[in-house]
Engineer: 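Sharing a structure, written as C-alpha cells. Questions coming.
Naming convention: chains lettered A, B, ... in sequence-line order (proteins, then strands); numbering from 1 in each chain.
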Number of protein chains: 2
Amino acid sequence: MNKHITLRDIAERMGVSSVTVSKALNDKEGVSDELKERIKQLADEMGYRINKVAKSMKEGLTYNIGVVIPERFTGQTQSFYLKVYQQISMALEPYGYDGILHILSAEDEKLLHLPRIYYDRKVDGFILLGQISKPYIEALEHMEQPKLFLDFYDEHSDIDSVTTDNFYCAYEITNYLVQQGHRKIGYVGNLYSTSSIQDRYLGYYKSLLEHRIPLNDRWIVNDRDEEGTLIDMELPEDMPTAFVCNCDRVAHLLVLKLKSQGYRVPEDCSVVGFDNDVFATLTEPHLTTVEVDTPQMAQTAVHSLLKKISSPEMRFGRVLVQGKIIYRNSVKKAGSTD
Amino acid sequence: MNKHITLRDIAERMGVSSVTVSKALNDKEGVSDELKERIKQLADEMGYRINKVAKSMKEGLTYNIGVVIPERFTGQTQSFYLKVYQQISMALEPYGYDGILHILSAEDEKLLHLPRIYYDRKVDGFILLGQISKPYIEALEHMEQPKLFLDFYDEHSDIDSVTTDNFYCAYEITNYLVQQGHRKIGYVGNLYSTSSIQDRYLGYYKSLLEHRIPLNDRWIVNDRDEEGTLIDMELPEDMPTAFVCNCDRVAHLLVLKLKSQGYRVPEDCSVVGFDNDVFATLTEPHLTTVEVDTPQMAQTAVHSLLKKISSPEMRFGRVLVQGKIIYRNSVKKAGSTD
DNA sequence: CTGAAAGCGCTTACAG
DNA sequence: CTGAAAGCGCTTACAG
C-alpha cells in the first residue's frame with residue numbers, strides 16, 4: 001500500500017512545519033523565496049499531489065459545479081447539449097473546477113426531485129442547461145447555491161441566464177433574404193413550443209415589419225405537436241419564395257418535402273435554417289444557417305457562475321450571445337431561376 | 001448567511017452525541033430503532049444534508065470517477081462518446097458516484113500530461129474512453145488508481161477493458177448476408193486504422209472462411225487515410241453483390257457513391273453498416289446495421305471499475321459486450337432484383 | 001520569516 | 001445501546 005505523500009511528509013523531510021510548506025506551495029507570503037524554492041523542488045521530487053478534498057473541506061468549496069440537462073434533450077440525435085456540457089467542462093478547467101453532469105429524468109422532473117449532487121453538497125453551483133418545467137424551476141429556487149440558466153430563460157424567475165440571441169439572429173437572416181429580393185417569406189415552427197422557436201419567430205417578424213412586408217398567416221408552417229414531436233408539414237397553397245426555419249433539422253425535412261413536390265431548392269424556393277448542425281451539410285443544397293456560438297455561451301456561463309460563487313449577491317440578468325450567419329447554397333436571389 | 005446544518009446541530013437538538021446521529025443516519029448498529037427513527041425525522045425536518053466532502057476526507061474516497069475522452073473523438077459529428085459518457089453518469093448515480101469528464105487535448109496527449117483531476121486527487125478511478133496513444137497509455141499506468149479502457153483495448157498493457165464484440169457482430173451480420181444468398185461480399189474500411197475496424201474485418205473474414213468463400217482483395221475498399229480522414233472511395237471494377245461497412249457513416253457515403261454510379265440499393269447491391277447511429281436512418285434505404293449496446297457497456301464499465309476501487313487486486317481482463325442486428329431495408333436476397 | 005493551535009464535518013475504533 | 005477521543009489533510013488566523 002503506497003501511502004499518499006502529504007504536506008506533513010514534506011515538512012518532516014525539510015525540517016520545517018507543514019504550515020510553511022502549505023504557504024510555499026500556494027505561493028503565499030511569509031516564506032523566504034529561497035525556502036519556497038527548496039520546498040517546491042522537494043515536493044516535486046517526492047511526487048506530492050494536493051489532497052483537494054482536504055482543501056475543499058477547509059474552505060467549504062467543492063470545486064465542482066453541477067450541469068443539469070433534462071433527459072428529453074439527450075435523445076438519439078439531440079447531442080447538442082452534451083456538446084455544450086463538454087465545452088463547459090473545458091471552460092472550467094483553467095479555474096481548477098470540474099463539471100458534474102446530472103441528467104434530470106422525466107420522472108424526477110415531474111416529482112420535483114432535486115439532483116442527488118445537491119443533497120450530497122457536491123457542487124458549488126448549478127448550470128441548468130435546457131428548458132425545465134415551471135414547477136421544477138420553483139423547486140430549484142430553494143437550493144441556496146448560485147445557479148444559471150443556459151440556453152433558455154424563464155420570465156417568472158429572476159435567475160440569471162445566458163442564451164443565444166435568437167431574436168437578433170433570426171432578424172438578421174431574414175434581413176438577408178429580404179436583401180436577396182425576397183418579399184414572400186414564410187416561417188417554419190410551432191410558435192407555442194419553445195421560447196427559442198418563439199423568439200426566432202419574433203426576429204423574423206421584426207425584419208418583415210422593418211421592411212413593411214405584411215405578415216401572412218398562411219406562410220407560418222407548423223412543424224411539431226405540443227409535445228415537440230415533429231409532424232408532417234403542410235406546404236401552403238400559395239407558396240412564398242423563401243422559408244426561415246427554426247432549426248436545421250426541420251429545414252432539412254422541409255427541403256425533402258419541397259423536392260418531393262417538385263420544387264427546386266433554391267431555384268424555386270430558398271430555405272434557411274438555424275443551428276449549423278449535422279443537418280446543415282447533410283441537406284442538398286447545403287443550408288445557409290445561423291451558427292450558435294456555443295463555446296462562447298459555455299465561457300460566459302462559466303465566468304458568470306464562478307463570479308456568483310465568489311460573490312453571491314452578483315446579478316447578471318439575461319445575457320445574450322451573438323451567433324453568426326453561415327452562407328451556403330440554399331438561397332437564391334428572388335426572381336432569378338438559374 | 002444561512003449556516004449549514006451539521007450532525008452536531010442535530011445532536012444538540014436531540015441531546016445526544018454526533019456519533020449517535022451519524023450511526024442513526026447511516027443505519028449502523030448500536031442505536032435503538034426508536035432513537036434512530038426520531039433522529040431521522042428531526043434530520044429531515046431540519047433539512048439536513050450530508051457534507052460528502054467531510055465523509056470523503058475521512059474515508060479517503062472522493063465518490064467521483066474520471067472519464068477521459070481524447071479530443072479527436074468529440075468533433076462535430078462524433079458525439080458518440082459523449083453519449084456513452086452520459087450513460088456512465090447515469091450508471092454511477094445509484095452508487096452515489098459522479099463522473100467527471102476530462103477531454104484530453106491533442107497537445108496533452110502528445111506531451112504526456114496527465115489529467116488535472118489526477119493531480120488534484122479528485123477521482124477514485126478512471127475510465128479511458130476511446131483509443132489513446134501508446135505512450136500515453138504507458139504514462140497513465142503510473143497512476144495508482146484503478147482504471148479501465150472502454151471501447152478499445154491495448155495488447156501491450158494489462159489494463160482491463162470493456163468493448164463491443166466487434167468481431168462477433170461483424171461475423172453475424174456477414175452470416176446474414178450469406179444467408180440471403182450473397183457470395184460476393186466486400187468490406188469497406190481501412191484495416192490499419194483502428195482496432196475496431198480491424199476486428200470487424202476479421203469477423204467478416206471468419207464468416208467467409210466458415211462458408212468457404214474465398215477472400216477477394218479487390219473487394220476490400222479503403223475509406224480513410226492514416227489520420228482517419230475519410231477519403232473518396234473507389235468502387236471495384238468487378239462489383240460484389242453486397243458490402244459490409246465498418247460504420248454507418250461510411251455506409252451512408254457508400255450508398256451515395258453507388259447511386260451516383262447508377263447502382264440501385266439494395267436491388268443491385270446490398271449494404272450493411274455498423275453502429276446504428278443517425279446515418280443509419282438518414283440513408284435511403286435505411287440501413288441494416290449493428291446496434292452497439294452502449295448502456296450495457298457503460299453499466300459493465302461502471303460495475304467493474306467500482307469493484308476495482310473497493311478491491312484493487314480485482315482483474316476482469318477483456319470483457320466483450322454483445323450488440324444486436326437491426327434489420328432494415330438495405331439488403332436484398334442475392335439474385336432477386338425487385 | 002516561521003510555527004503552534006484550532007477547526008472544517010464527518011466516521012472509526014474503543015471504552016463504558 | 002451510547003459517547004469521548006482521535007484523525008482524515010489541509011488552511012487560516014494569530015503569536016512570536
Engineer: Might you point out which heavy atoms bring R49(A) and Y119(B) nearest each other, and give the distance in Å?
Structural biologist: CB-O, 3.3 Å
Engineer: Apply side chain to side chain donor-acceptor pair (under 3.5 Å) to K147(B) and list each qualifying residue two or more places apart in sequence or on a separate chain.
Structural biologist: none
Engineer: Identify each donor-acceptor pair in which a side-chain atom of residues 129-137 of chain B lies under 3.5 Å from a protein atom, sequence neighbours left out, and give them as a table.
Structural biologist:
{"from": "S133(B)", "atom 1": "OG", "to": "Y136(B)", "atom 2": "N", "distance (Å)": "3.3"}
{"from": "Y136(B)", "atom 1": "OH", "to": "H113(B)", "atom 2": "O", "distance (Å)": "2.6"}

Engineer: So, does D124(B) use its side chain to make a donor-acceptor pair with the main chain of Y63(B) at under 3.5 Å?
Structural biologist: yes
Engineer: Taking atom P of dC1(C) as reference, at what distance in whole Å does atom NZ of K36(A) sit?
Structural biologist: 9 Å
Engineer: Tabulate below the donor-acceptor pairs under 3.5 Å that side-chain atoms of residues 23-31 of chain A make, not counting sequence neighbours, or state none.
Structural biologist:
{"from": "N26(A)", "atom 1": "ND2", "to": "S22(A)", "atom 2": "O", "distance (Å)": "2.9"}
{"from": "D27(A)", "atom 1": "OD1", "to": "K40(A)", "atom 2": "NZ", "distance (Å)": "3.2"}
{"from": "D27(A)", "atom 1": "OD2", "to": "K40(A)", "atom 2": "NZ", "distance (Å)": "3.3"}

Engineer: Against the six-membered ring of F316(A), is K307(A) placed for a cation-pi contact (under 6.0 Å from the centre, within 45° of the normal)?
Structural biologist: no
Engineer: Flag the pair D98(A) and R116(B) as a salt bridge only when some basic side-chain nitrogen lies within less than 4.0 angstrom of an acidic carboxylate oxygen.
Structural biologist: yes
Engineer: Could you go through nucleotides 6-8 of chain D and list every protein N or O atom that sits under 3.5 Å from one of its N or O atoms, giving the distance for each pair?
Structural biologist:
{"from": "dG7(D)", "atom 1": "N2", "to": "K58(B)", "atom 2": "NZ", "distance (Å)": "3.4"}

Engineer: Check each residue of residues 13-30 of chain A for a non-hydrogen atom within less than 4.0 Å of any atom in DNA chain C, then write out the ones that pass by number, or none.
Structural biologist: V16(A), S17(A), V19(A), T20(A), K23(A), G30(A)
Engineer: Closest approach of T163(B) and R318(B), non-hydrogen atoms and distance?
Structural biologist: OG1-NH1, 4.2 Å
Engineer: Taking a pair as Watson-Crick (N1 to N3 plus N6-O4 or O6-N4) or G-U wobble (N1-O2 and O6-N3), both under 3.5 Å, which stems of 3 or more consecutive pairs involve DNA chain C?
Structural biologist: C:1-3 with D:14-16, C:5-12 with D:5-12, C:14-16 with D:1-3
